[in-house]
Amino acid sequence: MSIQKDTEIFCRNVYWRLEEAEITVKELSKRSGVPMEMLEALEQGAIPEEMMVDDAFNLAKVFGCKVYELFQS
């Protein structure tokens with residue numbers, strides 16, 4: 001799989017889970033500690049260069065899933 005495809009899957013899964021959790025991006029930022037700017041970039045389909053594995057872990061923690069699930073299609 002390509003990096004571009006992995007990025008699309010990750011971004012799509014983050015926003016699908018956000019909708020499922022029925023929380024706002026602002027609330028997700030507050031609960032996860034991931035800055036709004038990063039979440040906005042994900043919304044645009046891009047993983048920011050400054051995003052770390054810990055950020056993905058923190059998002060998964062808020063969603064109640066494993067990190068690898070955010071990368072599964």
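As the structure is a prediction and not an experimental result, all values here were calculated from the model.
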query = What pairs meet the ring pair (Phe, Tyr, Trp, His ring centres under 6.0 Å) rule with one or both residues in residues 5-29, with sequence neighbours excluded?
reply =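 Checked against ring pair (Phe, Tyr, Trp, His ring centres under 6.0 Å) - neighbours excluded - the pairs reaching residues 5-29 are F10-F71.
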query = According to the side-chain hydrogen bond (donor to acceptor under 3.5 Å, both in side chains) rule, which pairs have a member within residues 20-34, sequence neighbours left out?
reply =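 Sorted result for residues 20-34: E27-R31.
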message = To check you understand the geometry: which heavy-atom pair defines the closest contact between A46 and C11, and what is its length?
response =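 Looks like N-SG, 3.8 Å.
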query = At their closest point, which heavy atom of L70 faces which heavy atom of R17, and how far apart are they?
reply =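 Shortest heavy-atom separation between L70 and R17 comes out as CD2-CD, 3.5 Å.
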From CA spacing to verdict: side chain to side chain contact (heavy atoms under 4.5 Å, CB included), R12, S73 = CA-CA 9 Å; R12 182 182 65 231; S73 53; 4.0 Å; yes
message = Within the supplied structure, the quantity of interest is the number of heavy atoms (other residues, nucleotides, ligands) at a distance under 6.0 Å from Q4 CD; does it exceed 12?
response =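 Atom CD in Q4 is not crowded, with 12 or fewer foreign heavy atoms closer than 6.0 Å.
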Partners passing side chain to side chain contact (heavy atoms under 4.5 Å, CB included) against E49 (at least two apart in sequence or in another chain) =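 Partners of E49 by the side chain to side chain contact (heavy atoms under 4.5 Å, CB included) criterion come out as none, since no residue qualifies.
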message = Taking side chain to side chain contact (heavy atoms under 4.5 Å, CB included) as the definition, give me every residue that meets it alongside E19, ordered by chain and number, with sequence neighbours left out.
response =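 Expected list: none.
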For a quick test of your reading: what N or O donor-acceptor pairs under 3.5 Å do the side chains of residues 33-44 make, sequence neighbours left out?
none

Distance-only criterion, 3.5 Å: show the donor-acceptor pairs between side-chain atoms of residues 50-60 and protein atoms not counting sequence neighbours.
| residue | atom | partner | partner atom | Å |
| --- | --- | --- | --- | --- |
| D55 | OD2 | M52 | N | 2.8 |
| N58 | ND2 | D54 | O | 3.2 |

